[in-house]
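Notes follow the structure.
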Amino acid sequence: MSENQGFRYTAALAAEIEQRWQDRWEAEGTFHAVNPEGDLADPTAGELGEKYFLMDMFPYPSGAGLHVGHPLGYIATDVVGRHQRMLGKNVLHALGYDAYGLPAEIHAISTGEHPRDNTLANIANMRRQLRRLGLGHDERRSFATIDPDFVRWTQWIFLQLFNAWFDPEQQKARPIAELVEKMGTSDPAVIDTHRLAYVSESPVNWCPGLGTVLANEEVTAEGRSERGNFPVFTRSLRQWNMRITAYSDRLIDDLERVDWPEPVKLMQRNWIGRSHGAHVDFASPAGPIRVFTTRPDTLFGATFMVLSPEHPLVDALTTPEQAETVAAYRETAAAKTDVERQADKHKTGVLTGSTATNPVNGEQIPVLVADYVLMGYGTGAIMAVPDGDARDAEFAEVLGLPTVEVIAGDTIVNSSNDDVSLDGLSVDDAKSTIIAWLETSGHGTGTTTYRLRDWLFSRQRYWGEPFPIVYDEHDNPIAVPDHMLPVELPEVPDYSPRTFAPDDVTSEPEPPLGRVDEWVHVTLDLGDGPKQYRRETNTMPNWAGSSWYELRYADPHNGDELVSAANEEYWLGPRETGGTGGVDLYVGGVEHAVLHLLYARFWHKVLFDLGHTSSEEPFHRLFNQGYIQAYAFTDARGTYVPADEVEETVSDAGVPTFTWNGEPVDREYGKMGKSLKNVVTPDEMYDAYGADTFRVYEMSMGPLDVSRPWETRAVVGSQRFLQRVWRLVVDEETGESVVTDAELDAATLRVLHRTIEGVAADMDGLRFNTAIAKLIELTNHLTKAEVTARAAIEPLALMLAPLAPHLAEEIWARLGHEGSLARAPYPVADPAHLVADTVLCIVQVQGKVRAKLDVAADATEEQLTELALGEANVQRAIDGREVRKVIVKAPKLVNIVV
RNA sequence: GCCGACAUGGCGGAAUGGUAGACGCGAUGGUCUCAAAAACCAUUGUCCGAAAGGGCGUGCGGGUUCGAGUCCCGCUGUCGGCACCA
């Protein structure tokens, strides 16, 4: 190292500064947030002031460690948290770990290492990598979902759901005791079917390749597991379910009360899939056939009916002549999976031989069986209106069935009987008219259906929360009492569920806990003396812990309650009447739009109904971050080659070509991953540039919600910026401070206060990329003007503090301040310095810029017009034509129209 | 098929209906150096021009406006969600 490197802001110096400040922050508890009560309260703190509760989506501690894409959101939330703290808020920001998960279990299966040991090691590694980033977290509030103390409350919440039912009249959950009282019985056969957590024998998604069942949300449109991409089959099994469908309306309606990105709200609405329509009964020889339709206004156009092959009335409706045809059709349909049915694009179906009566006009219409009608939605039977529905039209054409025109433009035609006429009405009016008629005549009712299914909650895995449930001698589920929680996982000889060939349809789930006989069969005294019970051997899905963890950050060590009322209300309670409450900012990827965010909202609402929270929604404001993507390169054989060894050459035409070891390679764009040989780690960035440079680079790459490619060679730009800042404060040769007490010149004052104003607005809007650009401009101005006055350096350091906190602290200290700047006030622009004496005025002719004038800020329209017309270039553009109009937006713009 | 988002230099990106391309990377030229790296300075949308200046330019085609990357209508492409949902 040469002499003058000694005081330069190099990676080595950055590392020294950064680690020193990280140690000091930890020692001083700089980022501790004060609670209203409990162990994290501080009686000496006085008024707590306004709170700001900030959250990142729970990470899963992967064994592979972090790559540079992972910290993007954590850096962003840290910038927000530090900024809010400097605005005087009491900021709650911590990070826990979603630590149950398939990778640890798979690792355990292959190595025999306990998943807990492996998971805890991964958490330790991740904590180390993240600490080096300098995140301002309250580390006292960190936890993992596998901590017995956390599992205890996850199980407690499960029992809240088990011990509650949904009252459709009040549209809320109520204690099950109130249902027992209302029904006048405690018979499990009656009561258990109403619980919010209930066991049912129902069709579930069985995935032999994973050896477990899956929730609907975990199955892709292609009928495969979202995790692992294994085939999924429908099996009827006894499993735990959560009655999330009871909350369909509130889950949709309350989306309007939260501050979330529209696309996410839309995805949730579509997933819940509420559609308004009517149930209509069609008389038939086998009794009424009930259909669901969203278009009752087209009833007069119903020319046939279609039942799903699984519909219970098919047998009764099939005439002897058609029996063989129908039986054969149903057999073929049954042999097909859902995916195969959908893959078949052309519609098939057969006549039952019976007819049904269209209630609006008494017409006898044929009843058919076809597999494009699904048993799982609506009633499994439809009225077919070829004039309105494309599928019905296609089917009618295949079978030569008639079409009656009932829709002309946006009005209804050919639709009247002796009682009612829809002719000439709009679709909406026709719907309400016909529903009223159906209800008075007893042929049907207006109704609403949902696409959402109940949440399948059992998994046949080892590494998850055990259910706090035992079964008695009648096989009825009994809650394990509160004082026996948590129910801990037993040690097992083998962590794997029985897995099968991925396409083995006949396989049956077999959870690993079922093999630990002495754990499964227990003697407990549940109030009526010691008795034999059998434990539930399924475990909860990974979503359990993440469905309520926001509450625990607010009161992480509370042994008596999930969260104390005062702590919950302070951190999460609504801040205006009618508000939902919830976390002030929740940042994470859009891939959780449906799964995690729907489950968490559901549990939070149940806890609200039962009086455990004052907030109705867990996350008031949601922000979806983009991803850091990367290029990967393949050689002629399609094998990935190390991305950091690929050389790029750009032709004169601007077309890049890529070579590795002289061989041409192909570039592809996507994720970062070990197998793609394109991983860049934060550790490499710390070594080469330091954490502050890495943070500034990630934040400057583009808007937070947009994905963008990683480019290591561009990181140096952020380092050069921080080096220029450093040089404003420190002499690189002597290490001495160069800061002066000089007064700022007018130009610098104006640049400084414009920067303060602009950066403040950008920080509020989470536009860190443009905030950084403005700070660079200020720094470049100070460098060029050779201004090193304290009056400029102090606000620069304060504005830099959320983004590059270690460097900012170091400068702050060198300016003579004793304490951390974590709570120093964020700079505020002085309006007096925002106004300029002269401004740039753009002169346009026909909307095209022809001159730029330096004019007095208070110039009048007349003065500006005169000045503009006096410009030679403007006169040349006017070219002797008559000036028809002059538009003046004083003092910045003059547009001359000829 | 339905719903949604996006489209700007060689690259990442910036622009309350008012100077398109801030800021950064890269590239080119220079300072320093025996030399190189680093750092610093300058130039950098494109075409014509020595310059002054001018033409063209925000995926494509129209429109509104004194003025459109921005607003409206119609396309194309890329990405995401849902998908025989009655």
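Throughout, a chain's letter reflects where its sequence line sits, starting with A, and its residues are numbered from 1. Just so it is clear, the model here is predicted, and its values are computed rather than measured.
- Among the nucleotides B:rC84, B:rA39, B:rG18, the one closest to the side chain of A:Arg8 is B:rA39.
- Nearest nucleotide to the side chain of A:Glu711, out of B:rC25, B:rA42, B:rG13: B:rC25.
- Taking a cutoff of 4.0 Å between a charged side-chain nitrogen and a carboxylate oxygen, A:Lys265 and A:Glu262 qualify as a salt bridge.
- Residue-level contact check: A:Leu266 touches the backbone only, with heavy atoms under 4.0 Å from sugar-phosphate atoms and none from bases.
- Look at the P atom in both B:rA14 and B:rG9: the space between them is 13 Å, to the nearest Å.
- Classification of the A:Tyr372-A:Phe395 ring pair by plane angle, with boundaries at 30° and 60°, yields perpendicular.
- Within the 4.0 angstrom heavy-atom criterion, only backbone atoms of the sugar-phosphate kind lie near A:Thr293; the bases stay farther away.
- Nucleic acid contact class of A:Ala714 (heavy atoms, under 4.0 Å, all strands): sugar-phosphate only.
- RNA chain B is contacted by both A:Val594 and A:Gly702; A:Gly702 maps to the nucleotide lying nearer its 5′ end (nearest heavy atom per residue).
- Comparing B:rA22, B:rC66, B:rC82 by their closest approach to the side chain of A:Glu777 singles out B:rA22.
- On the C1' atoms, B:rU70 is 13 Å away from B:rU65, given to the nearest whole Å.
- Judged by distance alone, the side chain of A:Arg224 and the main-chain N or O of A:Asn229 form a donor-acceptor pair under 3.5 Å.
- Take the nearest nucleotide of RNA chain B for A:Tyr697 and for A:Lys848: the residue whose nucleotide is more 5' is A:Tyr697.
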Quiz item: Run the side chain to side chain contact (heavy atoms under 4.5 Å, CB included) check on A:Leu752 and A:Thr755 step by step: do they pass?
Solution: CA-CA 5 Å; A:Leu752 175 64; A:Thr755 303; 5.5 Å; no
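- Distance from the side chain of A:Asn873 is smallest for B:rG54 among the nucleotides B:rG18, B:rC23, B:rG54.
- Side-chain atoms of A:Lys774 and base atoms of B:rC23 include no donor and acceptor less than 3.5 Å apart.
- For A:Gln846 against B:rG67, no side-chain N or O and base N or O form a donor-acceptor pair under 3.5 Å.
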